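The structure appears below as structure tokens.
Letters A, B, ... are given to chains in the order of the sequence lines, protein chains preceding strands, and every chain is numbered from 1. A quick note: this is a predicted structure, and the numbers were derived from the prediction, not measured.
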There are 2 protein chains.
Amino acid sequence: MLGRLNHVALAVPDLAAAVAAYRNTLGAEVTEPQALPEHGVTVVFVNVGNTKIELLEPLGECSPIAAFLAKNPSGGMHHLCYEVDDILAARDQLKAAGARVLGDGNPKTGAHGKPVLFLHPKDFFGTLIELEQS
Amino acid sequence: MLGRLNHVALAVPDLAAAVAAYRNTLGAEVTEPQALPEHGVTVVFVNVGNTKIELLEPLGECSPIAAFLAKNPSGGMHHLCYEVDDILAARDQLKAAGARVLGDGNPKTGAHGKPVLFLHPKDFFGTLIELEQS
């Protein structure tokens, strides 16, 4: 079921400073910031060739990464996103195996415009897993 | 400087349970456990096509992931490893830019038999970064 790693999401408190560190200090290729108000984040992609690193800064009052940054004020690794061929089949298989899907269990449209689901980190050893239809 | 994402390392308290979750629940291809006593971990690789997920369980008295698991008993995302063409040139460039290299600043032989360095997570927004000579 688990396909390629689509991205690693890192929550950061200051996107401009993070962009400077990745672009100037680490010499990486970094995109311009994109505000995604409907997802509560501003995002920048770091292209590392085989996958993407997403730097996420909270946007608006109800950002889904606000609680994480309150607990980890310097930032940190927020989630891993894997691609799946069929997100509904993946969901049903995961639920049958006892894994908990966050929210109401139905895929939402993710930041890339594709259906996504999140799995409970307690079922995967503290790692928040996003599944994205490929 | 920053090349492809070689792996994402996840620290887990119980490798057998984590292998079962990745193999059976997530349907991923998982290798047999490898004990690496000189690195203080037992490791399993989850092959996701474009990169690897490494599941790490502490091995021995002085495991480098023991403190992380004491703080995060369920486990969690431990570090990201990027490939670089020339690790000494990368180190010198990073130090010149003010980034802190952990330890004595000299590359060590990593779990894949190649020279590696770790960068201070405080310089990269809470993410521990490993660089591996490709």
Side-chain angles (χ1 to χ4, degrees), chain A residues 1-15 17-18 20-30 46-53 55 57 68-69 72-80 82-84 90 93-94 96-99 119 121-129 131, chain B residues 1-15 17-18 20-30 46-53 55 57 68-69 72-80 82-84 90 93-94 96-99 119 121-129 131:
Chain A
M1 176 206 313
L2 213 59
R4 65 196 291 285
L5 184 69
N6 183 277
H7 64 266
V8 178
L10 309 181
V12 300
D14 178 344
L15 194 56
Y22 277 81
R23 185 177 281 155
N24 304 333
T25 309
L26 290 169
E29 187 193 314
V30 181
V46 182
N47 182 6
V48 294
N50 58 332
T51 188
K52 283 176 303 203
I53 311 300
L55 306 177
E57 182 188 63
F68 179 89
L69 282 169
N72 305 276
S74 315
M77 290 184 259
H78 186 264
H79 68 264
L80 299 181
Y82 299 100
E83 297 176 4
V84 293
Q93 192 178 328
L94 284 159
L119 306 180
K122 289 213 170 149
D123 293 333
F124 297 99
F125 307 92
T127 296
L128 176 61
I129 294 179
L131 298 179
Chain B
M1 178 206 311
L2 213 61
R4 64 198 291 284
L5 184 70
N6 183 278
H7 63 266
V8 179
L10 309 181
V12 301
D14 178 343
L15 193 56
Y22 277 80
R23 185 178 280 155
N24 305 334
T25 309
L26 291 169
E29 187 192 314
V30 182
V46 181
N47 181 7
V48 294
N50 57 332
T51 189
K52 284 175 303 204
I53 311 300
L55 305 177
E57 182 188 62
F68 179 89
L69 282 169
N72 305 276
S74 314
M77 289 182 260
H78 187 264
H79 68 264
L80 300 180
Y82 299 100
E83 297 175 6
V84 292
Q93 193 178 327
L94 285 158
L119 307 180
K122 288 214 171 147
D123 294 332
F124 297 100
F125 308 93
T127 295
L128 176 60
I129 294 179
L131 299 179

* **Greatest number of heavy atom pairs closer than 4.5 Å to chain B - which of A:Ala99, A:Gly27, A:Gly75** =>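 Heavy-atom pair counts peak at A:Gly75.
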* When only pairs under 4.5 Å are counted, which of A:Val84, A:Ile53, A:Asp123 shares the most heavy-atom pairs with chain B? ->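 Heavy-atom pairs under 4.5 Å are most numerous for A:Ile53.
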Which region of [X], side chain (C-beta onward) or backbone (N, CA, C, O), has a non-hydrogen atom less than 4.5 Å from a non-hydrogen atom of chain B, or is it both or neither?
X        : value
A:Leu131 : neither
A:Ala96  : neither
A:Pro13  : side chain

Using every non-hydrogen atom in the two residues, find where [X] and [Y] come nearest and quote the distance to one decimal.
X       : Y        : answer
B:Asp14 : A:Phe125 : O-CE2, 4.4 Å
A:Met77 : B:Leu128 : CE-N, 4.4 Å
A:Thr25 : B:Leu94  : O-CD2, 3.5 Å

Evaluate the side-chain proximity of [Y] to [X]: yes if any heavy-atom separation is below 4.5 Å, no if none is.
X        : Y       : answer
A:Val46  : B:Tyr82 : no
A:Leu5   : B:Leu5  : yes
A:Phe124 : B:Leu26 : yes

* Chi angles and distances behind the side-chain contact (heavy atoms from CB on, under 4.5 Å) call for B:Val8, A:Thr127 -> CA-CA 11 Å; B:Val8 179; A:Thr127 296; over 6 Å; no
Winner by heavy-atom pair count (cut-off under 4.5 Å) against chain A, out of [options]:
options                             : result
B:Val48, B:Leu10, B:Leu80           : B:Val48
B:Lys122, B:His79, B:Glu29          : B:His79
B:Ser74, B:Gly98, B:Pro73, B:Ala90  : B:Ser74
B:Gly76, B:Ala11, B:Pro121, B:Gly49 : B:Gly76

* **Residue B:Asn72 versus chain A: region with a heavy atom under 4.5 Å** =>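 Neither the backbone nor the side chain of B:Asn72 comes within 4.5 Å of chain A.
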* **B:Leu55 portion near chain A, given a 4.5 angstrom heavy-atom threshold** =>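 The answer is neither part of B:Leu55.
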* **Rounded distance [0.5 Å steps], CD in A:Gln93 versus CG in B:Asn24** =>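 If I round to the nearest 0.5 Å, the distance is 10.5 Å.
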